[in-house]
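Quick note: residue numbers are just sequence positions, from 1. Computed from a prediction, not measured in an experiment: that's the story for all the values here.
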Amino acid sequence: MNTFFATAALTASVLAGASAAQAATLEPGVYGALLLGRTDGSNPNYRHGNGISLGGGLGYRFKPEWGVEVFTREFDFQPLRISTSYAYPERHIGIAATGELPLNGTFGVTGRVGLGQTQMTRRNMEAGDRTSVSLGAGLVMHLGSHVSATLGYERYTRVNVNAYLAGVEFRF
């Protein structure tokens with residue numbers, strides 16, 4: 001986990017130096033996000049390490065600080081999974097209200113609260129869905145008016161999953 005955040009912080013610092021002269025002008029509109037990270041939690045699936053997490057979202061900003069997003073998260077991306085006797089959270093699809101508190105023209109603090117369905121899987125078969133509330137916080141660095149780098153944490157309450165994600169947001 002420390003290596004992940006150290007690498008992300010170093011990348012953000014390099015990008016900040018390269019784009020220090022650019023101040024983002026955020027306007028209302030559509031955006032898309034791509035995310036990569038890792039997950040952990042109380043499920044037996046995480047006993048032997050962390051899972052790879054992939055995610056994406058499509059949203060709309062009503063104001064530069066407020067928006068809504070439809071999103072998906074793959075909690076444990078393992079194409080060649082060994083069959084398990086217990087149900088584990090595989091993916092989540094939901095909707096979230098998003099917000100940003102600008103710190104200056106380049107950086108901001110983000111937050112989100114969402115609701116969605118988490119697909120549970122057992123022995124490579126669906127084991128039902130659980131409705132979960134998701135909460136998140138993070139940092140954003142605007143690399144211009146159309147691209148941002150993100151770093152954040154999300155918690156999925158009913159399935160006890162923590163996601164640590166780095167991503168890119170594209171505004172249209």
Ignoring hydrogens and angles, write down the donor-acceptor pairs under 3.5 Å from the side chains of residues 108-115, residues two or more places apart or on other chains.
unit_1: T110; atom_1: OG1; unit_2: G138; atom_2: N; d: 3.3
unit_1: T110; atom_1: OG1; unit_2: G138; atom_2: O; d: 3.4
unit_1: R112; atom_1: NH1; unit_2: E69; atom_2: OE2; d: 3.3
unit_1: R112; atom_1: NH2; unit_2: E69; atom_2: OE2; d: 3.1

Could you pull out all residues at least two apart from [X] that satisfy side chain to side chain donor-acceptor pair (under 3.5 Å)?
{"X": "E65", "result": "none"}
{"X": "T72", "result": "none"}
{"X": "R158", "result": "none"}

Taking the side chain as every heavy atom from C-beta outward, state whether [X] and [Y] have any atom pair closer than 4.5 Å.
{"X": "N160", "Y": "R155", "value": "yes"}
{"X": "Q117", "Y": "T131", "value": "yes"}
{"X": "F107", "Y": "L139", "value": "no"}

**Item:** side-chain hydrogen bond (donor to acceptor under 3.5 Å, both in side chains) contacts touching residues 91-100 (sequence neighbours left out)
**Value:**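 Of all non-adjacent pairs touching residues 91-100, those that pass side-chain hydrogen bond (donor to acceptor under 3.5 Å, both in side chains) are E74-R91, R91-Q119, H92-T118, E100-H142.
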**Asked** In the hydrophobic clustering (ILVMFWY, side-chain contacts below 4.5 Å, transitive), which residues join W66, or is it alone?
**Response**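 Grouped by the 4.5 Å side-chain rule, W66 forms a cluster of one, so the answer is none.
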For the hydrophobic clusters of this structure (ILVMFWY residues joined by side-chain heavy atoms under 4.5 Å, transitively), does one cluster hold both [X] and [Y]?
{"X": "L58", "Y": "L34", "result": "yes"}
{"X": "I95", "Y": "V30", "result": "yes"}
{"X": "M141", "Y": "F170", "result": "yes"}
{"X": "L135", "Y": "Y156", "result": "no"}

For residues [X] and [Y], report the shortest heavy-atom separation together with the two atoms involved.
{"X": "N162", "Y": "G41", "result": "ND2-CA, 4.4 Å"}
{"X": "S148", "Y": "V140", "result": "CB-CG2, 3.7 Å"}
{"X": "P89", "Y": "F75", "result": "O-CB, 3.7 Å"}

**Message:** Measuring from atom CD1 of I93 to atom CZ of R73, what distance do you get when rounded to the nearest 0.5 angstrom?
**Reply:**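 It comes to 11.5 Å.
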**Request:** To the nearest 0.5 angstrom, please state how far the NE2 atom of H146 sits from the CZ atom of F172.
**Result:**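 Between H146 NE2 and F172 CZ, I get 10.5 Å after rounding to 0.5 Å.
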**Request:** Applying ring-ring contact (aromatic ring centres under 6.0 Å, His included), name anything that partners Y60, two or more places apart in sequence or on another chain.
**Result:**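 Result, ring-ring contact (aromatic ring centres under 6.0 Å, His included) vs Y60: F62.
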**Request:** Dump the intermediate steps for side-chain contact (heavy atoms from CB on, under 4.5 Å) on V168 and V147, then the final yes or no.
**Result:** CA-CA 7 Å; V168 179; V147 179; 4.1 Å; yes
**Asked** Between the side chain of S53 and the main-chain N/O of T39, is any donor-acceptor distance below 3.5 Å?
**Response**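 Flag not set: sc S53 to bb T39 has no pair under 3.5 Å.
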**Request:** Can you run down the salt bridge (charged side-chain N to carboxylate O under 4.0 Å, His left out) pairs that involve residues 51-60, sequence neighbours left out, and say none if there aren't any?
**Result:**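 Qualifying pairs, neighbours excluded: none.
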**Request:** Any salt bridge (charged side-chain N to carboxylate O under 4.0 Å, His left out) involving residues 159-169? Give me the pairs, sequence neighbours left out, ordered by first then second residue.
**Result:**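 Listed by first then second residue: R61-E169, E169-R171.
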